[in-house]
Structures are given as C-alpha cells and as structure tokens.
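We're numbering straight along the sequence, starting at 1. Atoms within each ligand, like the ligands themselves, are counted from 1 in listed order. In this text, all values refer to a predicted model and were calculated from it rather than measured experimentally.
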Amino acid sequence: MRFPAAPPAACLAILGCVIARAQPAALTVQDAWVRATPGVDVAAAYLTLHNAGTQPVVVVGVRSPRASQAMIHETTVSNGRASMRPHEALRIAGGEILRLAPGGLHIMLRLNGPLAPGDEVPLQLLLSGGASVAVTARVRDLH
Ligand SMILES: [Cu+2]
C-alpha cells in the first residue's frame, strides 16, 4: 500500500500558516477618518484599534495607495506649542482599545493627490509577523 500524502514537515508548515493567518482577525479597526486641509499635501488619519484577542498585536507601519508615505506620528504639546514626531510601533495588548485621535496619535499621510470630503482612503496596517489589516477611512469636511 502506498501513501501519496505529503511528508509530515509540509503538513506542519501548512498548519502553521493557517494559524498565523487566523490571528490578525483579532484586531478590528473602527471609526477611521481623515482630516484633510485643502491645499495641503499632508493629512492625518485617525482610527480606533481594538485587539479582541488574547495575544498582543503590534502595528509596525501603514501603507495607503493615496499616500507616497504613511507614518505613525504623535502630537505633543509643550510650552503651549504643538509639535509632532514619528512614533514607534503601536503595541496593543490583548483586550486593549487604542484610539488615534486629534491631539495625540495619528497616521501622517504624505498625499500623492488632493483629497475631498467624502473621499475614501484605503489604509493597510502592517502587523509584526507579516500580516496586515485593511480599513477604509473617509475624509471629513473640516467645517
Ligand atoms: Cu503628524
């Protein structure tokens, strides 16, 4: 009798793949929006991250087809002046909710074209381990 099955090592590799792909679903993204200022070639994106799993999730970067560059930034205020700088990877513990909101953490987009209120901006959040989570942010009117 012959066994045409793949060797056990390949089975384990496939199983490992399935498990690795299942994990990112633990991270959900809500309330994604972009604040765009007419005539300005950078815009900030805000969203709420919820890690519904038990393992930490780390967002190491962001990509968007509407931006030539996307970075995680943090706004800080000192001596009454607001400034912002790149922020390291975002670590969201199991069960934790992390809000990126005006005055704090945001995703800085270097736009490759103008945005108008109502536009949809796809964002791809890159996670440590190679997975990613896609979300669509809507551009809000400033007024
Ligand atoms: Cu910024």
Note to self: Parallel, tilted or perpendicular: which one describes the rings of W33 and Y46, with boundaries at 30° and 60°?
What the structure shows: tilted
Check: Hey, is there an N, O or S on M84 sitting under 2.8 Å from the Cu ion (ligand 1)?
Finding: yes
Margin query: Tell me if the centroids of the rings in H73 and H106 come within less than 6.0 Å of each other.
Written below: yes
Next item on the list: For the Cu ion (ligand 1), find the closest N/O/S atom on H73 and give its atom name.
Entry: ND1
Next item on the list: Report the angle formed at the Cu ion (ligand 1) by atom NE2 of H106 and atom SD of M108, rounding to the nearest 10°.
Entry: 110°
Checklist line | Cluster overlap M108 with L105, hydrophobic side-chain contacts below 4.5 Å | finding: no
Check: Salt bridge check: are D31 and R99 linked by an N-O gap of less than 4.0 Å?
Finding: no
Checklist line | Any N, O or S atom of M71 closer than 2.8 Å to the Cu ion (ligand 1) | finding: no
